[in-house]
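Heads up, the thing below is written out as structure tokens.
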There are 2 protein chains.
Amino acid sequence: MTMTNEAEPAPSKGRRLQRGALSRDAIVSAAVQILDEHGLNGLTFARLGKQLGASPTAMYRHFSSREEILIAVADELVRQSIDGYVPAVSWLDSLRDLAYRAWRTFERHPAAAAQTYHLLTGGPNELRVVDAILAALHQAGWRGEAAVKQYHMYSQFVLAVSGSHAAQVAQDDTGSSVASTWVQEYRPARPEDYPYVSAVREELRSIDFFEVYVGLVDALLSAMAAQAPAAKE
Amino acid sequence: MTMTNEAEPAPSKGRRLQRGALSRDAIVSAAVQILDEHGLNGLTFARLGKQLGASPTAMYRHFSSREEILIAVADELVRQSIDGYVPAVSWLDSLRDLAYRAWRTFERHPAAAAQTYHLLTGGPNELRVVDAILAALHQAGWRGEAAVKQYHMYSQFVLAVSGSHAAQVAQDDTGSSVASTWVQEYRPARPEDYPYVSAVREELRSIDFFEVYVGLVDALLSAMAAQAPAAKE
DNA sequence: TGACTTAGTCAATAGCGTTCACTAACTTGT
DNA sequence: ACAAGTTAGTGAACGCTATTGACTAAGTCA
């Protein structure tokens with residue numbers, strides 16, 4: 001369960017792997033690394049095998065399908081996001097911290113995030129995050145059903161926005177031509193049909209997506225603060 | 001460019017297809033239908049061919065890759081979202097309407113939405129939407145760079161949240177076991193470790209995601225209203 | 001009519017996830 | 001210590017996928 005960068009076994013060719021060589025954690029770690037290096041569609045059993053110096057089909061002794069590996073990757077990202085988190089004194093700061101942690105983790109592993117952020121892991125790390133969020137909402141004064149609604153608003157928002165940004169970054173990394181459409185294509189053939197686009201065409205080019213994220217988080221949190229039962233910020 | 005439900009050509013076997021039989025629109029329409037019926041990974045060239053009564057490879061005369069088809073599907077969803085839209089008197093109502101339109105379109109075609117909502121089409125329909133949003137922001141008093149930032153906040157938010165909900169719905173439709181984790185798995189082995197989860201375990205089960213979305217849209221729009229240069233609601 | 005263009009077809013290819021029978025390393029009971 | 005049993009890793013095979021290039025025939029135009 002440690003998942004620190006253990007020295008990967010050299011992909012020695014031909015030799016049969018030792019018996020305890022593979023493990024769920026080792027496979028998950030390799031999967032994240034492969035997604036980082038090879039992008040969105042880079043995660044294949046063949047590559048996993050090569051990376052771990054094992055047969056491609058060896059993974060099936062630890063996972064029963066590719067999707068199960070992805071779920072484990074999702075849980076690993078959740079773990080990386082929550083590890084080291086300590087609640088702040090203000091529940092607003094806690095939620096802001098958690099939101100930024102998700103963003104940063106997804107930014108570090110865009111391809112892994114893109115493939116997994118919409119999956120529910122049901123694992124212990126997910127529970128840790130859910131509990132941390134609910135704790136902050138409890139501090140804000142929400143209880144029961146109301147707390148659950150706020151929880152879903154917050155978590156759907158954080159996962160969706162961070163995750164879909166990761167998906168766009170990962171898409172860009174593939175160089176799949178879809179990427180830089182923003183820069184190139186916003187010159188409509190008939191500008192007079194799209195007056196407002198034409199008016200800000202230049203500004204549309206440069207975007208700092210994290211700044212946009214910060215603005216969205218601020219918007220959500222200030223709306224939550226305005227509705228929170230406990231007035232004590 | 002009409003894309004109404006034209007009577008699909010009967011998948012006549014063996015016969016060669018007439019010359020003008022295929023078109024980009026017919027293929028896109030078939031693709032959406034296939035995604036609706038067969039779910040997330042259901043869109044294949046083989047199925048497209050069968051659906052249209054054509055050879056699987058015939059698509060390559062109209063699109064140069066699978067991804068190009070998906071981009072066209074994305075543009076079709078944008079078209080369905082924006083078609084029939086008329087700006088409201090209040091810019092807030094306009095933005096709310098556009099947000100709900102995206103949600104409803106994505107809900108009608110969850111698999112298609114899940115595969116395409118993070119793609120930028122660069123097509124005319126996308127421009128129509130961008131212009132509509134910028135028009136509302138203009139009415140609110142934003143100009144230039146500030147308008148662009150608000151635009152990105154709004155559009156990122158709407159696409160991400162509606163889209164990732166569609167992805168979850170589509171995932172559920174596959175019956176891939178990940179789906180109903182919410183209902184089943186939120187019984188931690190050691191409840192004392194997750195006190196807040198345990199406290200609301202029952203309430204976590206039932207979620208009306210549209211209600212959550214409405215709450216999020218309200219939060220964003222009220223935050224925007226508070227910052228809008230033009231005070232005239 | 002004959003040359004040309006092009007939409008649809010057919011066969012082939014490389015890569016994918018997954019399955020299954022097999023093998024060899026380790027564990028356990030005596 | 002040795003036999004029996006379990007199981008992690010292997011290698012060959014299968015069916016499905018997107019994509020390609022050569023072929024064919026329908027249509028256009030001089």
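When reading the values below, keep in mind they use all heavy atoms of this one structure, side chains included, and skip hydrogens, waters and symmetry mates. Within every chain, numbering begins at 1; the chains are lettered A, B, ... in the order of the sequence lines, protein sequences first and strands thereafter. Quantities reported herein were computed from a predicted structural model and do not represent experimental measurements.
- Pairs engaging residues 16-59 of chain A under the ring pair (Phe, Tyr, Trp, His ring centres under 6.0 Å) rule: A/F45-A/Y60 [sequence neighbours left out].
- One interatomic measurement links the two molecules: CG of A/L22 to C1' of C/dA25, which rounds to 15 Å at whole-angstrom precision.
- If you measure from atom NE2 of B/H62 to atom P of C/dA7, you get 6 Å, rounded to the nearest angstrom.
- If you measure from atom CD of B/Q18 to atom C1' of D/dT24, you get 16 Å, rounded to the nearest angstrom.
- C/dG8 atom P lies 14 Å from atom CZ of B/R24, rounded to whole Å.
- Taking the six-membered ring for Trp and the full ring otherwise, the centers of A/F157 and B/Y213 sit at least 6.0 Å from each other.
- Checked against the 6.0 Å centroid threshold, A/Y151 and B/Y196 do not count as a close aromatic pair.
- A donor-acceptor contact under 3.5 angstrom links the side chains of B/Q80 and B/H109, judged on distance only.
- When each of B/D208, B/I207, B/V212 is checked for a side chain to side chain contact (heavy atoms under 4.5 Å, CB included) with B/F210, only B/D208 meets the rule.
- Taking atom CG of residue A/L17 and atom C1' of nucleotide D/dT7, one finds them 15 Å apart after rounding to whole Å.
- Among the atoms of the strands shown, only primed sugar atoms or phosphate atoms (P, OP1, OP2) are found under 4.0 Å from some heavy atom of B/A54.
- When the C1' atom of D/dG9 is taken as reference, atom CG of A/L48 falls 15 Å away, rounded to whole Å.
- Taking the ring pair (Phe, Tyr, Trp, His ring centres under 6.0 Å) definition, one finds that B/F63 meets it with nothing, sequence neighbours left out.
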Practice problem: Quick one, give me the B/S/- string for nucleotides 17-22 of chain C, reading 5' to 3', where B means a protein heavy atom under 4.0 Å from the base and S means that only happens at the primed atoms, P, OP1 or OP2. | Solution: SBB-B-
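- Checking D/dT7, D/dG9, D/dG27 against every side-chain atom of A/R19, the shortest atom distance belongs to D/dT7.
- One interatomic measurement links the two molecules: CZ of A/F63 to C1' of D/dT7, which rounds to 17 Å at whole-angstrom precision.
- A straight line from CG of A/L52 to P of D/dA8 spans 16 Å, rounded to a whole angstrom.
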